[in-house]
Amino acid sequence: MSSIKLKICGLKREKDVQLCMKLGVDILGFVTEYPMPVPWNLSRTEALPLLNIVQSPHGSCIVTGGTPGKVIELAANLRPSMVQLHYKETLEETIIISDALRKLNIDVIKTVPPVMEDRISQFGTVDIETIIEELCRSSVYGLLADSRVPSNASANGAELDLKFCSQIINLSSKPVIIAGGMNAGNVCNILMQTGADFIDVMTGVENSPGEKDAESLSRLLASIQPLKNQRPPHF
Ligand SMILES: O=C(O)c1ccccc1N[C@@H]1O[C@H](COP(=O)(O)O)[C@@H](O)[C@H]1O
């Protein structure tokens with residue numbers, strides 16, 4: 001493992017979980033009981049055996065959303081290393097969830113909404129600086145800058161907003177993960193332009209939803225390898 005961290009999301013098959021671990025992916029992501037129909041969604045019964053395969057030094061993450069009660073109960077049952085809140089959770093709800101999950105040693109990642117209306121409804125402001133300040137004061141582990149949002153959750157080709165990512169990276173004292181439309185062909189450029197050191201890729205390494213492609217994944221890892229060696233360890 002090294003200074004640039006890689007999360008691969010939307011895993012649904014045991015063979016892809018094994019492949020990710022073999023190739024050295026840091027965090028393995030499972031969309032679980034997401035509150036909207038998305039092609040990567042797993043029930044908790046489907047997610048549990050896959051989560052159980054993930055072994056240290058690799059971490060696991062469930063991508064979910066909903067009320068604090070629902071998210072805390074789900075995480076307490078599945079015991080991933082991380083929970084990625086990616087629906088409509090407000091700041092208050094995020095704090096309740098991350099405070100509770102901290103006691104279970106589960107880190108929370110909160111998505112910073114790229115859409116203004118979502119920022120207002122979740123944080124009561126459109127101001128990114130205020131949002132980052134609040135999240136950095138809270139017990140969340142890290143922030144996610146993602147172009148995939150609930151309203152385009154099932155779509156392909158959500159393009160990353162480089163300015164938005166860089167802004168969050170520059171303002172945050174906590175780890176920032178960037179996601180959206182990355183693949184072996186564009187990842188190096190994106191890493192260099194944003195200064196990111198934690199990336200999250202889903203559709204860019206798959207043949208169809210939930211079916212990862214070994215060749216694309218290997219090419220992605222090979223593309224980031226030169227940068228992994230250049231960057232100083234960050235966290
Ligand atoms: O995976 C989902 O179903 C999902 C639903 C709603 C919001 C985000 C979702 N996934 C996240 O999307 C990015 C990766 O996107 P890309 O396919 O690489 O462009 C990642 O953060 C997933 O966790």
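Counting starts at 1 for both ligands and their atoms, following the listed order. All values reported here derive from a predicted model rather than from experimental measurement.
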Ligand-side contact atoms (ligand 1) for residue partner [X], heavy atom cut-off under 4.0 Å:
X      : value
Asp146 : 11 (C), 12 (O), 13 (C), 20 (C), 21 (O)
Val63  : 23 (O)
Val38  : 3 (O)
Val201 : 18 (O)
Cys9   : 22 (C), 23 (O)
Val31  : 1 (O), 2 (C), 3 (O)
Lys7   : 23 (O)
Thr203 : 16 (P), 17 (O), 18 (O), 19 (O)

So, Lys110 versus Gln122: side-chain donor-acceptor pair below 3.5 Å or not?
->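 Gln122 and Lys110 do have a side-chain donor-acceptor pair below 3.5 Å.
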Does a donor on one side chain sit under 3.5 Å from an acceptor on the other, for Ser139 and Asp99?
-> yes
Measure the distances from the heavy atoms of Gly10 to every atom of ligand 1 and state whether one is below 4.0 angstrom.
->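 The answer is no, since Gly10 has no heavy atom less than 4.0 Å from ligand 1.
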Is [X] linked to [Y] within one hydrophobic cluster, defined over Ile, Leu, Val, Met, Phe, Trp and Tyr using a side-chain heavy-atom separation of less than 4.5 Å?
X      : Y      : answer
Ile53  : Leu51  : yes
Ile199 : Met192 : yes
Ile120 : Val112 : no

Any N/O pair Gln84/ligand 1 closer than 3.5 Å |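 Yes, there is a polar N/O contact under 3.5 Å.
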Going by distance only, is there an N or O of Met202 that falls short of 3.5 Å from an N or O of ligand 1?
->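 N/O-N/O distance below 3.5 Å exists for this pair.
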Quick one: look at Tyr34 and ligand 1, take heavy-atom pairs under 4.0 Å, and tell me if it's side chain, backbone, both or neither.
-> side chain
With side chains defined as the heavy atoms from C-beta onward, is the minimum distance between Met21 and Leu28 less than 4.5 Å?
-> yes
The salt bridge (charged side-chain N to carboxylate O under 4.0 Å, His left out) partners of Glu211 (sequence neighbours excluded) come to Arg13
Those residues that, when tested against Glu134, pass salt bridge (charged side-chain N to carboxylate O under 4.0 Å, His left out) (two or more places apart) | Arg137
Hey, does the side chain of Asp213 reach the backbone of Val205 with a donor-acceptor pair shorter than 3.5 angstrom?
->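 Between the backbone of Val205 and the side chain of Asp213 there is no qualifying donor-acceptor contact (under 3.5 Å).
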Looking at Gly29, Gly210, Gly181, Pro37, the heavy atom closest to atom 19 (O) of ligand 1 belongs to Gly181
